[in-house]
Amino acid sequence: QVQLVESGGGLVQPGGSLRLSCAASGNSIGVNPMGWYRQAPGKQREMVATITSGGRINYADFVEGRFTISRGNAKNTVYLQLNSLKPEDTAVYYCWSPLAPWGQGTQVTVSS
């Protein structure tokens, strides 16, 4: 079964940056889209960004140019560069693949 493992979260001050990484097991995952979702306490999980194997990208409106999604050369990794972070970006960030169940996620906390 395909598994997703996220890393890179942490505590950062407003305006700071983090880089999230996701590694997916399984050879077939590379031809499928991947992405990132997030879930803040008391809120529904929401899409942050997605990227196809061909590099087509979709961002949520709240990203406002602050985040950048990319895939590794092997296509089974996906990254999310988070810049200009705001307290409202605080959430558990989950890697997404249509082939895999949700992973554990990685906590991003933006606070002074």
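Residue Ile69 holds its CD1 atom at 12.0 Å from CD of Gln81, rounded to the nearest 0.5 Å. Between the CD1 atom of Ile57 and the CZ atom of Phe67 there is a distance of 14.0 Å, given to the nearest 0.5 Å. In this structure, CH2 in Trp36 is found 5.5 Å from CD in Glu6, a value given to the nearest 0.5 Å. Taking CG of Asn76 as the start and OG of Ser53 as the end, the distance is 12.5 Å to the nearest 0.5 Å. We find the CG-CE distance between Leu4 and Met34 to be 5.5 Å, quoted to the nearest 0.5 Å. Rounded to the nearest 0.5 Å, atoms CD (Gln13) and OG1 (Thr109) are 13.0 Å apart.
The shortest heavy-atom contact between Ser111 and Pro14 is C-CD, 3.6 Å. The minimum heavy-atom distance between Pro33 and Pro98, with the atom names listed, is O-CD, 3.2 Å. The two residues Val78 and Gly35 have their closest heavy-atom pair at CG1-O, 4.5 Å. Counting all heavy atoms, side chain and backbone alike, Val2 lies closest to Leu99 at CB-O, 3.9 Å.
Residue-environment remark: CD (Glu64) exceeds the threshold of 12 foreign heavy atoms within 6.0 Å.
If you look at Tyr37 and Trp102, their ring centroids are closer than 6.0 Å.
Tyr93 contributes no side-chain N or O that, together with a main-chain N or O of Leu80, makes up a donor-acceptor pair within less than 3.5 Å. Judged by distance alone, the side chain of Thr106 and the main-chain N or O of Gly9 form a donor-acceptor pair under 3.5 Å. No donor-acceptor distance shorter than 3.5 angstrom exists from the side chain of Ser84 to the backbone of Gly15, with no hydrogens or angles considered. Without hydrogens or angle criteria, Asn83 side chain to Ser17 main chain gives no donor-acceptor distance under 3.5 Å. Proximity of a side-chain donor or acceptor of Ser25 to a complementary backbone N or O of Gln3 within less than 3.5 Å is detected.
Two residues are said to be in side-chain contact when any heavy atoms from C-beta on lie closer than 4.5 Å; Leu85 and Leu18 meet this criterion. Residues Val92 and Gln104 are not in side-chain contact: their nearest non-hydrogen atoms beyond the backbone lie 4.5 Å or more apart. Residues Val48 and Val63 form a side-chain contact, since some pair of their non-hydrogen atoms from C-beta on lies under 4.5 Å apart.
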Checklist line | Residue pair Thr68, Leu82: steps toward the side chain to side chain contact (heavy atoms under 4.5 Å, CB included) verdict | finding: CA-CA 7 Å; Thr68 303; Leu82 307 172; over 6 Å; no

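Clustering ILVMFWY residues whenever any of their side-chain heavy atoms sit less than 4.5 angstrom apart, transitively, puts Tyr59 in the very cluster that holds Val108.
Taking the ring centre of Phe62 as origin, the terminal cationic atom of Arg38 falls inside the region bounded by 6.0 Å and 45° from the ring axis. Geometrically, Arg45 does not engage Trp96 in a cation-pi contact, judged by NZ or CZ lying under 6.0 Å from the ring centre and within 45° of the ring axis. Under a cutoff of 6.0 Å and an axis angle of 45°, Arg19 and Tyr79 form a cation-pi pair.
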